[in-house]
Amino acid sequence: MLQNNEPIFQMLFEAVSEGVVVVNSSQVIIATNKSADVMFGYNQGELINKDLSILIPQNYHHSHSAHVSGFMEKNEKRRMGIGRDIYGQHKDGGKFPVEAGLNPFEFENERYVMAIVIDISLRKEQEEKILELNAHLEEKVKARTSELSESVNALKELNTALEAENLKRIKAEQKTKVALKKEKELNELKTRFLSLVSHEFKTPLSGILTSTMLLAKYQLTEQQSNRDKHLKTITNKVHYLNNILNDFLSIEKFETGNIQYKCSEFIVSKVVNEVVYNANMLLKEGQVIIYPEDIEDLSLYQDEKTIELALSNLLNNAIKYSKENTDINIVIKQDNENTSFTIIDRGIGIPEKEQKNIFNRYFRAENALNVQGTGIGLNIVKSHIENLGGSISFQSAEQIGSTFTFTVPNVFKN
């Protein structure tokens, strides 16, 4: 059942600030996040096993159930509240305007709908203020127009006042339009991200379950190779899930300002050897990692785990986005001030029109959507490297490959 994966879904739900409500095919609520509970005025867990209609105002009950059933039959994403007003109902009986993004999905042969609900009361208030401002301006125009015949000086004063009022209105409208556009883009990005991450968890979990079931079939000594293969699958997929959860924790630390770095002196080759060793388990057939072996004299006074994380992320990306039978090169250079790490692949590359967004959180290029990933890693690496006083850059051409370079000071100065 979906509830059995509560720790994973709790991590996903709390990663967004909007309300998240999950219902089954019977329109019964089976999961909510804290934002949804607060939005609708309920205590944690109070909505579980309640009918979805508890969140819908009474005068919408007659049509809402049929809409949801029809939506689940079509099994496609959609947004509600575009072109018409929809409302949610608070526990105290009050109603408030909302927008909702609906995402259908299946889990263990059962259909569910995940809704991201946004309270747009503030937006409605802003729109009403603009209408009031326009109405107020129109009244002023009428009043001032009647005074035009009294004197030329009055006309000049009126024109000055009207220009100022009009400028205020234009600025208010522009500011509101920009805010609404950003809100819309953010909501669409979060909806796409939540659907993406749900898939990223579902696929490895299914693989783990399948390998676990198959392990029981190989009980003979001569079947050890089969057991080893499925144990490796389980290990890799658990490692993948653990990396995603660590990315979420890193994002939370960045947003709360709880990032702390522990610096010490370490040998660069130690980190490189560790990263390459772990990456070798991910190599596709014929792929080879070429890295320098004459760096025993290079050392850094930095946060060793962060340097390892950055190098590992870029190397794993190079493996993931490169074809079989290709080389991946690591180049390391050090001068008196800085050390640079360069990872060169011959993979699918990044389309030129999308390169400006590559470090944005949750962003994924169009040619990489069929490859597992959350769009978080590069954003985290960039934030870490800049916090350590360094920088990161790249060059890429579609179907030719990518070169990522990050540079850090040899000595971290807090």
- Message: Under the criterion side-chain contact (heavy atoms from CB on, under 4.5 Å), I'd like the reasoning laid out for L311 against I343: C-alpha separation, chi angles, the key distance, then a yes or no.
- Response: CA-CA 8 Å; L311 184 60; I343 295 83; 3.6 Å; yes
- Message: Working to the nearest 0.5 angstrom, can you tell me the gap between E106 CD and S25 OG?
- Response: 10.0 Å
- Non-hydrogen atoms of I385 and V408 that approach each other most closely: CD1-CG1, 4.0 Å
- Item | Y42 side chain near L55 side chain, heavy-atom distance below 4.5 Å | yes
- Message: Is the shortest side-chain heavy-atom distance between D37 and L47 below 4.5 Å?
- Response: yes
- Item | Heavy-atom check, side chain of N379 versus side chain of N360, under 4.5 Å | no
- Message: Apply side chain to side chain donor-acceptor pair (under 3.5 Å) to residues S340 and T407 and explain how you reach the verdict.
- Response: CA-CA 4 Å; S340 65; T407 303; 4.8 Å; no
- Report the residues that fulfil salt bridge (charged side-chain N to carboxylate O under 4.0 Å, His left out) with K270, sequence neighbours left out, ordered by chain and then residue number. E304
- Task: Answer yes when K284 and E324 have at least one side-chain N-carboxylate O distance shorter than 4.0 Å, and no when they do not.
- Result: no
- Message: Contact between L283 and I319 at the side-chain level, heavy atoms closer than 4.5 Å - yes or no?
- Response: yes
- Approximate separation, where rounding is to 0.5 Å, of I348 CD1 and E398 CD: 8.0 Å
- Pick from I328, I330, V275: which one makes a side-chain contact (heavy atoms from CB on, under 4.5 Å) with Y291? I330
- Quick one: OG1 on T403 to CD1 on I344, what's the gap to the nearest 0.5 Å? 4.5 Å
- Message: Nearest 0.5 angstrom please: N317 CG to S312 OG, how far?
- Response: 9.5 Å
- Task: Measure the OG-CG distance between S391 and N338 for me, rounded to the nearest 0.5 Å.
- Result: 8.0 Å
- Message: Please check if the number of heavy atoms outside E337 that lie under 6.0 Å from its CD is greater than 12.
- Response: no
- Item | Side-chain touch T339/L298, heavy atoms, less than 4.5 angstrom | no
- Message: Do Y261 and N387 pair up side chain to side chain, a donor and an acceptor below 3.5 Å, judged on atom types alone?
- Response: yes
- Query: Any sub-3.5 Å donor-acceptor pair from R346's side-chain atoms to D327's backbone N or O?
  - Reply: yes
- Pair I29-N49, side-chain contact (heavy atoms from CB on, under 4.5 Å): steps then yes or no: CA-CA 5 Å; I29 299 172; N49 295 324; over 6 Å; no
List the atom pairs, with distances to 0.1 Å, where a side-chain N or O of residues 133-141 and a protein N or O form a donor-acceptor pair under 3.5 Å, not counting sequence neighbours.
| residue | atom | partner | partner atom | Å |
| --- | --- | --- | --- | --- |
| N134 | ND2 | I130 | O | 3.4 |
| K140 | NZ | E165 | OE2 | 2.9 |

- For F394, enumerate each residue passing the ring pair (Phe, Tyr, Trp, His ring centres under 6.0 Å) test, keeping only those at least two apart in sequence or located in another chain. F359, F404
- Note on the structure: Paired with L300, the side-chain contact (heavy atoms from CB on, under 4.5 Å) test is passed by just one of V268, I267, V271, namely V268
- Item | Minimum heavy-atom distance between A279 and L315, given as atom pair plus value | CB-CD2, 3.6 Å
- Query: Is it true that a side-chain atom of N33 and a backbone atom of V20 form a donor plus acceptor pair closer than 3.5 Å?
  - Reply: yes
- Task: Starting from the C-alpha separation in whole Å, work towards a yes-or-no answer on side-chain contact (heavy atoms from CB on, under 4.5 Å) for V113 and V22.
- Result: CA-CA 6 Å; V113 174; V22 180; over 6 Å; no
- With side chains defined as the heavy atoms from C-beta onward, is the minimum distance between K305 and L309 less than 4.5 Å? no
- Message: Suppose we screen for salt bridge (charged side-chain N to carboxylate O under 4.0 Å, His left out). Which residues come up paired with K91, at least two apart in sequence or across chains?
- Response: E46
- Task: Using a strict cut-off of less than 4.0 Å between a Lys/Arg side-chain nitrogen and an Asp/Glu carboxylate oxygen, indicate whether K124 and E128 qualify as a salt bridge.
- Result: no
- Task: Report yes or no: does D303 contribute a side-chain atom to a donor-acceptor pair with the main-chain N or O of T306 at less than 3.5 Å?
- Result: yes
- Message: Among residues at least two apart in sequence or on other chains, which ones pass salt bridge (charged side-chain N to carboxylate O under 4.0 Å, His left out) with K50?
- Response: none
- Message: Contact between D345 and T326 at the side-chain level, heavy atoms closer than 4.5 Å - yes or no?
- Response: no
- Message: With a 3.5 Å distance limit and no angle check, can you tell me whether Q395 reaches the backbone of G401 through a side-chain donor-acceptor pair?
- Response: no
- For the residue pair Y112 and I30, establish whether any side-chain heavy-atom pair is separated by less than 4.5 Å. yes
- Closest non-hydrogen atom pair, G349 against P351: O-CD, 4.0 Å
- Minimum heavy-atom distance between G377 and N313, given as atom pair plus value: CA-ND2, 3.4 Å
- Separation of S35 OG from E18 CD (nearest 0.5 Å): 7.5 Å
- Residues that F96 engages under ring pair (Phe, Tyr, Trp, His ring centres under 6.0 Å), provided they are two or more places apart: F40
- Mind listing the closest non-hydrogen atom pair of Q287 and K323 along with its distance? NE2-O, 3.1 Å
- Message: Strictly distance-based, threshold 3.5 Å: is any side-chain N or O of Q302 a donor or acceptor partner for the main-chain N or O of P409?
- Response: yes
- Message: Can you tell me if Q399 has over 12 outside heavy atoms packed within less than 6.0 Å of its CD?
- Response: yes
- Going through the checks in order, is the side-chain contact (heavy atoms from CB on, under 4.5 Å) test met by Q44 and K34? CA-CA 7 Å; Q44 184 177 5; K34 183 178 179 181; over 6 Å; no
- Task: Could you tell me which non-hydrogen atom of F412 sits nearest to which non-hydrogen atom of C263, and how far apart they are?
- Result: CD2-SG, 3.3 Å
- E386 bridged to K382 by N-O distance under 4.0 Å: yes
- Query: Does the side chain of T405 pick up a donor-acceptor pair with the side chain of T342 at under 3.5 Å?
  - Reply: yes
